[in-house]
Amino acid sequence: MAYLGEDIKKLGFGLMRLPQKDGSIDIEHTKKMVDMFMEAGFTYFDTAWAYAGSEDAIRQALVERYPRESYQLATKNAAWINCKTKEEAQQQLEVSLKQTGAGYIDFYLLHNLGETRTHYFDDFNMWEWVQEKKKEGVLRHVGFSFHSTPDELEEILIAHPEMEFVQLQINYADWEDSAICSRRCYEVARKYNKPVIIMEPVKGGLLANPPQSVTDILKSAEPEMSLASWAVRFCADLDGVITVLSGMSNIEQMQDNLSYMKDFKGLTEEEKNTIVLAQTELSKIPIIPCTSCNYCSKVCPMDIGVSGSFTALNYVTTYGNKAFALSQEGWLVGGHGKKRADECIKCGKCEKVCPQHIKIREELERVCDVLIK
């Protein structure tokens with residue numbers, strides 16, 4: 001069955017982590033990466049109004065150097081960032097058009113829907129507005145990116161069947177994760193016949209350096225292939241995928257991605273089985289069994305970000321990457337208006353309602369020891 005974007009090759013250039021030089025985006029380095037990408041036959045570029053300097057950089061590296069019809073450009077609207085009126089939210093598109101110089105946007109996304117962020121798009125009537133812009137020809141295709149539960153994703157798709165595609169966080173590590181729910185969100189999108197753009201296939205770089213036991217499995221199967229290649233290929237093999245975004249930061253990453261995606265034909269059964277073995281090995285790592293149901297938060301008198309704290313600590317346990325864990329704790333706790341683990345008063349109300357019977361107070365002490373103190 002044909003679907004939106006079926007003629008787009010399965011690797012997209014994510015422009016969130018462009019190479020830096022002296023504290024700003026290295027335009028010349030970016031130009032070389034764009035040239036390599038285009039010469040290999042790939043054409044999908046993903047930026048956002050909220051990615052500092054990215055839209056301006058892609059204007060210089062791509063838009064001013066290639067015919068407009070030779071590529072697809074995606075950018076995003078984050079109505080929940082510092083917008084008090086619909087005019088302020090809608091102005092983001094004008095800024096994006098100016099900064100990219102693209103004339104029109106091929107794929108326009110309402111950015112990072114879910115939780116408390118969705119209502120801004122409702123309040124400002126952004127759904128109807130993007131359809132108007134589509135009729136004007138300023139936008140070619142309209143969809144949204146999403147970070148939340150499968151149930152909430154289904155609610156949005158039922159309310160807005162006019163959305164043409166969905167961008168989801170999917171990777172083999174999060175496939176069955178109870179907080180990210182990659183598989184379940186993917187299945188909801190497909191249930192409503194929405195093609196999917198995949199973000200975070202390498203989980204912010206973590207799957208380029210997975211735990212040693214997982215590395216051993218992947219390297220034993222294909223010694224010559226990079227660890228990151230398994231993550232990207234897992235995503236590209238899924239049905240109904242427009243493209244898999246890789247946030248490449250240097251020429252070496254570009255070369256690696258192009259080497260295995262240029263002629264990608266899908267995973268073999270043996271490769272699929274290898275990924276299952278890797279997933280099984282990841283599941284053996286003793287992490288906090290938090291499902292992010294957030295029953296604890298509803299009874300916490302201090303409004304501690306329990307689930308976000310546990311997710312961050314689990315990143316340290318699984319990947320040994322404290323810097324990444326701290327960035328996640330900052331977003332999942334502070335970014336959601338919650339208090340940090342060190343403000344817990346140990347009242348124990350949370351433990352009485354936890355379906356997983358987690359010793360929450362003890363685990364929050366571990367969060368303090370590992371991430372805060």
Side-chain angles (χ1 to χ4, degrees), residues 1-17 33 36-46 71-72 74 106-107 109 141 143 145-146 164-177 180 182-190 193-208 210 214 217-218 221-222 224-249 252-279 282:
M1 183 176 69
Y3 64 90
L4 173 66
E6 65 178 345
D7 58 335
I8 296 174
K9 296 186 77 170
K10 289 292 184 70
L11 179 66
F13 191 170
L15 305 171
M16 185 178 180
R17 302 180 179 95
M33 294 173 69
M36 293 171 63
F37 191 73
M38 292 287 285
E39 287 168 10
F42 296 93
T43 58
Y44 191 99
F45 296 82
D46 174 87
Y71 58 85
Q72 297 83 35
D106 298 279
F107 288 78
L109 294 87
H141 302 290
S145 62
F146 180 82
E164 297 175 82
F165 64 93
V166 180
Q167 184 163 305
L168 299 173
Q169 177 175 331
I170 295 177
N171 55 68
Y172 72 76
D174 292 332
W175 191 239
E176 298 294 349
D177 183 89
I180 306 299
S182 282
R183 175 184 60 80
R184 291 177 59 207
C185 285
Y186 167 75
E187 290 175 350
V188 168
R190 300 307 295 143
N193 296 314
K194 302 301 180 184
V196 175
I197 296 171
I198 292 178
M199 57 182 162
E200 301 294 349
V202 194
K203 200 172 172 64
L206 293 178
L207 296 181
V214 174
I217 290 170
L218 301 180
E222 295 180 355
E224 74 286 358
M225 298 299 288
S226 70
L227 296 168
S229 78
W230 286 94
V232 175
R233 287 181 291 155
F234 168 80
C235 294
D237 189 62
L238 296 171
D239 291 334
V241 170
I242 294 175
T243 196
V244 180
L245 301 175
S246 179
M248 294 171 275
S249 302
E252 291 72 27
Q253 291 174 357
M254 177 66 75
Q255 289 173 327
D256 181 48
N257 281 340
L258 296 179
S259 71
Y260 58 82
M261 287 302 294
K262 187 174 182 180
D263 298 309
F264 181 71
K265 297 295 191 300
L267 293 174
T268 65
E269 286 303 312
E270 187 174 356
E271 288 169 332
K272 291 178 182 178
N273 290 335
T274 297
I275 290 176
V276 171
L277 289 176
Q279 291 172 317
L282 277 174

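All figures in this text were calculated on a predicted structure; none of them were measured in a lab.
Here the closest non-hydrogen pair linking A231 and P201 is CB-O, 3.2 Å. Residue Y172 comes nearest to A278 through the heavy atom pair CE1-CB, 4.4 Å, listed as atom of the first residue, atom of the second, then distance. Between A208 and V202 the shortest heavy-atom distance is N-CG1, 3.5 Å. C235 and V241 get closest at one heavy-atom pair: O-CG2, 3.9 Å.
L168 CG to I198 CD1: the interatomic distance, rounded to the nearest 0.5 Å, is 8.0 Å. Rounding to the nearest 0.5 Å places CD1 of I8 at 5.5 Å from OG1 of T43. Atom CG of residue D7 and atom NZ of residue K9 lie 12.0 Å apart, to the nearest 0.5 angstrom. Note that the CZ atom of F146 and the CD atom of Q169 stand 11.5 Å from one another [nearest 0.5 Å]. To the nearest 0.5 Å, atom OG of residue S182 and atom CD of residue E200 are 10.0 Å apart. Atom-to-atom distance recorded for I217:CD1 and Q279:CD is 10.5 Å, nearest 0.5 angstrom.
The salt bridge (Lys or Arg N to Asp or Glu O under 4.0 Å) check on K203 picks up D174, with sequence neighbours excluded. Residues meeting the salt bridge (Lys or Arg N to Asp or Glu O under 4.0 Å) test with D256, sequence neighbours left out: none. Evaluation of the side-chain hydrogen bond (donor to acceptor under 3.5 Å, both in side chains) rule for Q167 yields no partner, not counting sequence neighbours. The salt bridge (Lys or Arg N to Asp or Glu O under 4.0 Å) test applied to E252 returns no partner, not counting sequence neighbours. Residues meeting the ring pair (Phe, Tyr, Trp, His ring centres under 6.0 Å) test with Y44, sequence neighbours left out: F107. The side chain to side chain contact (heavy atoms under 4.5 Å, CB included) check on R233 picks up E222, M225, S229, W230, Y260, M261, F264, L267, E271, with sequence neighbours excluded.
Note on ring orientation: taking the six-membered ring where Trp is involved, the planes of F234 and W175 are perpendicular (angle over 60°, cut-offs 30° and 60°). In this pair, F37 and F13 present their aromatic rings tilted. The plane angle is within the 30 to 60° band.
Within 6.0 Å of atom CZ in R17, more than 12 heavy atoms from other residues, nucleotides or ligands are found, so the atom counts as buried in its surroundings. Crowding of K272 atom NZ: a count of heavy atoms from other residues, nucleotides or ligands under 6.0 Å exceeding 12.
Two residues are said to be in side-chain contact when any heavy atoms from C-beta on lie closer than 4.5 Å; P210 and L282 fail this criterion. Inter-residue side-chain proximity for L238 and V196 is flagged as unmet; no heavy-atom pair is nearer than 4.5 Å.
Using modelled atom types, one side-chain atom of T243 and one backbone atom of G12 make a donor-acceptor pair closer than 3.5 Å.
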Q: Given side chain to side chain contact (heavy atoms under 4.5 Å, CB included), test S246 with L11 step by step and report yes or no.
A: CA-CA 7 Å; S246 179; L11 179 66; 4.0 Å; yes

